[in-house]
Undergrad: 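Pasting a structure below so you can have a look.
All values below come from the heavy atoms of this structure, side chains included, with hydrogens, waters and symmetry mates left out.
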Amino acid sequence: MSADLSWRAPLAVALGAIAGALSRYYLTLLIAARLGADFPYGTLVINLTGCLGMGFAVTLMAERYPMLPDVKLLLTTGFLGAYTTFSTYGLESVFLFKNATAAIAILYWLGSACLGIGCIQLGTALARLLSR
């Protein structure tokens with residue numbers, strides 16, 4: 001008789017996400033208080049440290065310190081995913097540059113950024129249209 005452990009993965013992601021989102025929120029406030037809010041320094045620092053953390057964690061878990069799947073999910077999908085999805089985008093881009101054609105990698109890398117900005121503009125236009 002084995003126990004149903006299907007609850008462990010979502011719980012790991014949720015706990016990591018709580019910590020990641022709160023870390024992002026408070027670190028952004030701290031950076032804005034220190035450097036000002038005229039430039040998105042907080043977002044820049046969050047995105048760069050998230051990418052650094054993702055590369056560091058994934059490499060250590062794959063090459064040096066194998067971890068339980070729940071711990072991996074807590075750190076990567078949970079914490080770093082909530083801290084910044086930019087870290088996942090960076091990891092996936094690197095993966096595609098290593099394992100897919102250059103065209104596919106570039107399409108994802110540039111396409112995500114350009115389409116993301118386009119979707120922000122589209123969402124803004126739709127909200128303004130609907131709020132008339």
Undergrad: Within a radius of less than 6.0 Å around CG of D38, do more than 12 heavy atoms belonging to other residues, nucleotides or ligands occur?
TA: no
Undergrad: Do you reckon F86 sits in the same ILVMFWY cluster as V45, going by side-chain contacts under 4.5 Å, direct or chained?
TA: no
Undergrad: Would you find more than 12 non-hydrogen atoms of other residues, nucleotides or ligands less than 6.0 Å from I120 atom CD1?
TA: no
Undergrad: Do L48 and L52 share a hydrophobic cluster, counting only Ile, Leu, Val, Met, Phe, Trp and Tyr and linking them when any side-chain heavy atoms are less than 4.5 Å apart?
TA: no
Undergrad: Is the side chain of Y89 donor-acceptor paired with the backbone N or O of W109 at a distance under 3.5 Å, no angle test?
TA: yes
Undergrad: In Å, rounded to the nearest 0.5 Å, how long is the span from CG of L107 to OG of S112?
TA: 8.5 Å
Undergrad: When hydrophobic residues are tied together by side-chain contacts of less than 4.5 Å, even through go-betweens, does L91 share a cluster with F97?
TA: no
Undergrad: Following the transitive rule for hydrophobic clusters with a side-chain heavy-atom cut-off under 4.5 Å over Ile, Leu, Val, Met, Phe, Trp and Tyr, establish whether V58 and Y65 coincide in one cluster.
TA: no
Undergrad: Apply side chain to side chain contact (heavy atoms under 4.5 Å, CB included) to F79 and I18, showing your working.
TA: CA-CA 7 Å; F79 181 83; I18 291 168; over 6 Å; no
Undergrad: With rounding to the nearest 0.5 Å, note down the distance linking CG in D70 to CG in L15.
TA: 10.5 Å
Undergrad: Are the side chains of T59 and R64 in contact, using a 4.5 Å heavy-atom criterion?
TA: no
Undergrad: Using distance alone, with no hydrogens and no angle criterion, decide if Y83 and T49 have a side-chain donor and acceptor under 3.5 Å apart.
TA: yes
Undergrad: Begin with the C-alpha distance, continue with both residues' side-chain angles, and end with the deciding distance and a verdict on side chain to side chain contact (heavy atoms under 4.5 Å, CB included) for L60 and F56.
TA: CA-CA 6 Å; L60 279 184; F56 185 81; 3.3 Å; yes
Undergrad: Rounded at 0.5 Å granularity, tell me how far CD1 in I46 sits from OG in S87.
TA: 10.5 Å
Undergrad: Could you tell me the separation between the CG atom of L27 and the CG atom of L22, rounded to the nearest 0.5 Å?
TA: 12.0 Å
Undergrad: To the nearest 0.5 Å, tell me how far R24 CZ sits from L29 CG.
TA: 11.5 Å
Undergrad: Kindly work out whether a path of hydrophobic side-chain contacts (I/L/V/M/F/W/Y, heavy atoms less than 4.5 Å apart) joins L11 to V13.
TA: no
Undergrad: Which value, rounded to the nearest 0.5 Å, describes the distance between M54 atom CE and T88 atom OG1?
TA: 4.0 Å
Undergrad: Side chain to side chain contact (heavy atoms under 4.5 Å, CB included) between M67 and L75: does it pass, once the steps are laid out?
TA: CA-CA 10 Å; M67 293 189 184; L75 291 173; 4.1 Å; yes
Undergrad: Is there a side-chain contact between L68 and K72, using heavy atoms and a 4.5 Å cut-off?
TA: no
